[in-house]
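A note on names: the letters A, B, ... follow the listed sequences, proteins ahead of strands, and every chain is numbered from 1. Keep in mind that this is a model prediction, so the values were computed, not measured.
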Amino acid sequence: MSEKPVLRFAPSPTGMLHIGGARTALFNWLYARHTGGTFLLRIEDTDRERSTPEAVDAILNGMTWMGLDWDGDATYQFARAPRHREVAEKLLAEGKAYRCYATAEELTAMREEQKVAGKPMRYDGRWRDKQAGLAEEGKPSVVRLKARQTGETIVHDVVLGDVQFENTQLDDMVLLRSDGTPTYMLAVVVDDADMGVTHVIRGTDHLNNAARQLQLIEAMGAAIPIYGHLPLINGPDGAKLSKRHGALAVEAYRDMGYLPETMRNYLLRLGWSHGDDEIIPTAQAIEWFNFDSIGKSAARMDYKKLDNLNGHYFRETAGTTMVAEVTAFLAREKRTLTMTARQRLEMAMPSLKERAKTLVELIQGAEFLFTDGPRTLDAAADKLLTPEARAVLATALRALDATDWTGPALEAAARAHAEATGVKLGQVAQPLRAALTGKASSPPLFEMLALLGREESLIRLRAYVN
RNA sequence: GCCCCCAUCGUCUAGCGGUCAGGACGCGGCCCUCUCAAGGCUGAAACAGGGGUUCAAUUCCCCUUGGGGGCACCA
């Protein structure tokens with residue numbers, strides 16, 4: 001075991017890259033980067049019916065957005081079918097596999113009977129020791145592994161520990177379909193062996209498969225990889241994460257305005273821990289990541305916590321980077337900013353990123369910077385601009401106009417004006433804010449007034465003086 | 001039905017025989033404050049139940065219950 005670890009993420013391109021897959025990819029990637037090993041990407045497209053090029057793109061894009069770079073080119077499993085077939089033929093020749101002529105209908109009936117009888121639903125090995133006779137001549141057949149029928153198979157798992165399966169529970173799985181194409185079971189094992197994969201880290205939905213794959217590995221005489229099965233992610237209600245919960249694909253998180261760094265940190269903490277640490281930037285994660293601290297139980301998505309983390313990374317991220325994130329986000333919505341809007345955005349970014357939790361929220365809060373002229377009031381701002389407030393606005397406006405148009409000077413003027421008229425600063429500031437931004441909350445008022453400039457600010461304020 | 005896995009505050013988790021059961025998100029209160037955030041202080045909130053083992057169980061074992069996964073010529 002002196003060789004560097006080789007890990008892989010092997011999704012099937014039958015849909016988007018979902019959050020659970022993203023986490024599996026992340027864990028594999030982290031371990032590879034932590035150890036200086038290799039992280040491979042293999043597209044398991046042996047199911048020709050369900051695999052689509054769109055899904056392949058979605059997975060590749062999702063991985064790229066998540067910042068999970070793989071080593072070398074992605075391999076496509078279907079392209080390796082001849083090799084898979086070769087292995088199956090070898091097994092057949094060695095007597096470790098056999099042809100089964102049972103039809104699909106026959107097997108379905110068999111399972112039905114087993115179910116009714118309360119017996120485990122397994123292939124009964126009806127062709128295991130039977131020679132094909134004249135009747136089978138030219139009939140379609142599948143190739144099955146002649147699995148061991150006694151004893152037990154133990155999966156040594158780095159997250160779950162040793163898991164033991166009775167071999168009587170494992171049946172003779174299909175290696176080659178009747179059309180000659182390899183099954184997933186055959187393909188993964190052959191590919192992992194050929195690619196030199198040392199660590200198979202995947203979801204617990206594959207735990208049972210591990211036992212069966214172990215038998216195939218043994219029959220092939222290949223090296224046994226280190227297994228690790230990760231608990232699945234459930235929806236906020238604890239039920240299986242499904243389309244019903246929406247927000248399944250990583251792209252959905254991108255569109256909701258979360259940063260890749262946020263997703264990596266969040267997904268890492270969902271099932272992995274390092275004492276009391278919550279904020280774990282990727283560089284730190286690479287340094288710390290190990291298999292020992294992976295939890296065994298399924299976790300649920302918590303959007304509140306995700307929001308909180310995203311807000312944290314907004315505050316941590318440089319303003320220029322955030323401007324780039326915002327413009328990229330807007331570009332995806334086919335929006336572009338004018339030169340002025342962009343300049344304002346850059347200037348206001350330190351204040352904007354301080355109070356938003358998602359890019360969507362940040363952009364909503366920045367809309368008043370993107371266009372010129374009087375604002376349309378939202379409900380809260382409208383409620384704020386009572387006749388009395390408008391009167392305050394009128395006098396405050398004159399006080400402001402009489403001073404230097406800088407943040408500190410404007411604030412001083414407003415404070416002096418408030419004191420002179422015997423009201424609190426808030427009573428002066430809120431009407432101004434409503435007229436200036438069209439909203440009841442915004443980044444610091446005086447900073448925004450200065451940023452928009454005297455002329456533009458006065459146009460907006462005067463619009464709401466009766 | 002059969003097999004496998006899991007089980008600490010509402011949620012994510014720390015804990016690896018003796019702890020006032022800790023942290024984070026969320027929630028309540030106070031402070032700060034031009035709004036909204038952020039920040040500081042603070043409060044409520046958990047060992048699923050029952051048996052063992054042990055001087056001592058959240059921690060080890062068994063059962064129950066509850067969740068999850070699997071049982072294809074899908075991956």
What is the distance, to the nearest angstrom, from the CG atom on A:Asp277 to the P atom on B:C25? 13 Å
Listed nucleotide nearest any side-chain atom of A:Asn208, set B:G69, B:C73, B:U11: B:G69
Going by side-chain hydrogen bond (donor to acceptor under 3.5 Å, both in side chains), name the pairs with one or both residues in residues 77-86 of chain A, residues two or more places apart or in two chains. A:Glu44-A:Gln77, A:Gln77-A:Asp191, A:Arg80-A:Asp191, A:Arg80-A:Asp194, A:Arg83-A:Asp194, A:His84-A:Asp191
What string of B, S and - do you get for nucleotides 33-39 of chain B, 5' to 3', when a contact is any protein heavy atom under 4.0 Å? -BBBBS-
Testing B:A75, B:C73, B:G26 for proximity to the side chain of A:Ser12, the answer is B:A75
Side-chain contact check for A:Arg111: nearest option of B:A72, B:A75, B:C25 is B:A72
Distance-only side-chain donor-acceptor flag, A:Arg202 / A:Thr24, under 3.5 Å: no
Quiz question: going by heavy-atom distance under 3.5 Å, is there a donor-acceptor pair between the base of B:C5 and the side chain of A:Thr204? no
Charged tip of A:Arg144 within 45° of A:Tyr123 ring normal and under 6.0 Å: yes
Test side-chain hydrogen bond (donor to acceptor under 3.5 Å, both in side chains) on A:Asp45 and A:Ser51 and set out the steps. CA-CA 6 Å; A:Asp45 55 353; A:Ser51 298; 5.9 Å; no
Do side-chain atoms of A:Asn167 reach the backbone of A:Thr150 as a donor and acceptor pair under 3.5 angstrom? yes
Which label fits A:Phe291 and A:Phe289: parallel for a plane angle under 30°, tilted from 30 to 60°, or perpendicular past 60°? perpendicular
With a non-hydrogen cut-off below 4.0 angstrom, is A:Gly271 in contact with a base, only sugar-phosphate, or nothing? sugar-phosphate
Would the base of B:C12 count as contacting A:Lys305 through its side chain, where contact means a donor and an acceptor less than 3.5 Å apart? yes
Scan side-chain atoms only and decide if A:Tyr258 and A:Asp307 contain a donor-acceptor pair under the 3.5 Å cut-off. yes
Which nucleotide in the list B:C5, B:G23, B:C6 gets nearest to the side chain of A:Ser297? B:C6
What's the closest nucleotide to the A:Phe165 side chain, out of B:C2, B:G26, B:C3? B:C3
Students often get this wrong, so: under 4.0 angstrom with heavy atoms, is A:His274 touching a base, only sugar-phosphate, or nothing? nothing
A:Arg300 has a side chain; which of B:U11, B:G69, B:A75 sits nearest to it? B:U11
Watson-Crick or G-U counterpart of B:A7, or none if no pair lies under 3.5 Å: B:U65
Identify whether any heavy atom of A:Met185 sits under 4.0 Å from a base atom; if not, whether one sits that close to sugar-phosphate; answer base, sugar-phosphate or nothing. base
Could you tell me how far B:A46 sits from B:U11 if I compare only their C1' atoms? Round to whole Å. 12 Å
Roughly how many Å apart are B:C25 and B:G40, using the P atom of each and rounding to a whole number? 9 Å
Inter-nucleotide P distance (B:U58, B:G43), Å rounded: 25 Å
Between B:A75, B:C3, B:G23, spot the one nearest the side chain of A:Arg269, thanks. B:G23
Which base, if any, makes a Watson-Crick or G-U wobble pair with B:C41, both distances under 3.5 Å? B:G29
Using a heavy-atom cut-off of 4.0 Å across all strands, would you classify A:Ala396 as base, sugar-phosphate, or nothing? nothing
On the six-membered ring of A:Phe27, is A:Arg23 placed so that its NZ or CZ lies under 6.0 angstrom from the centre and within 45° of the ring axis? yes
With the side chain of A:Asp302 defined as its heavy atoms from C-beta on, choose the nearest nucleotide among B:C6, B:C25, B:A75. B:C25
Which whole number of Å gives the distance between the C1' atom of B:C5 and that of B:A38? 42 Å
Looking for any heavy atom pair under 4.0 Å, which part of the strands does A:Lys115 touch: base, sugar-phosphate only, or nothing? nothing
Mate of B:G17 where both pairing distances stay under 3.5 Å, Watson-Crick or G-U: none
If pairing requires Watson-Crick or G-U wobble contacts with both distances under 3.5 Å, which nucleotide is the partner of B:C2? B:G70
Write down the distance separating the C1' atoms in B:C9 and B:G22, rounded off to the nearest Å. 12 Å
Evaluate the side chain to side chain contact (heavy atoms under 4.5 Å, CB included) criterion for residues A:Tyr101 and A:Val142: first the C-alpha distance (whole Å), next the side-chain angles of each, then the deciding distance (0.1 Å), finally the verdict. CA-CA 7 Å; A:Tyr101 294 85; A:Val142 299; over 6 Å; no
Assign A:Glu166 to base, sugar-phosphate, or nothing according to its heavy-atom contacts below 4.0 angstrom with the strands shown. nothing
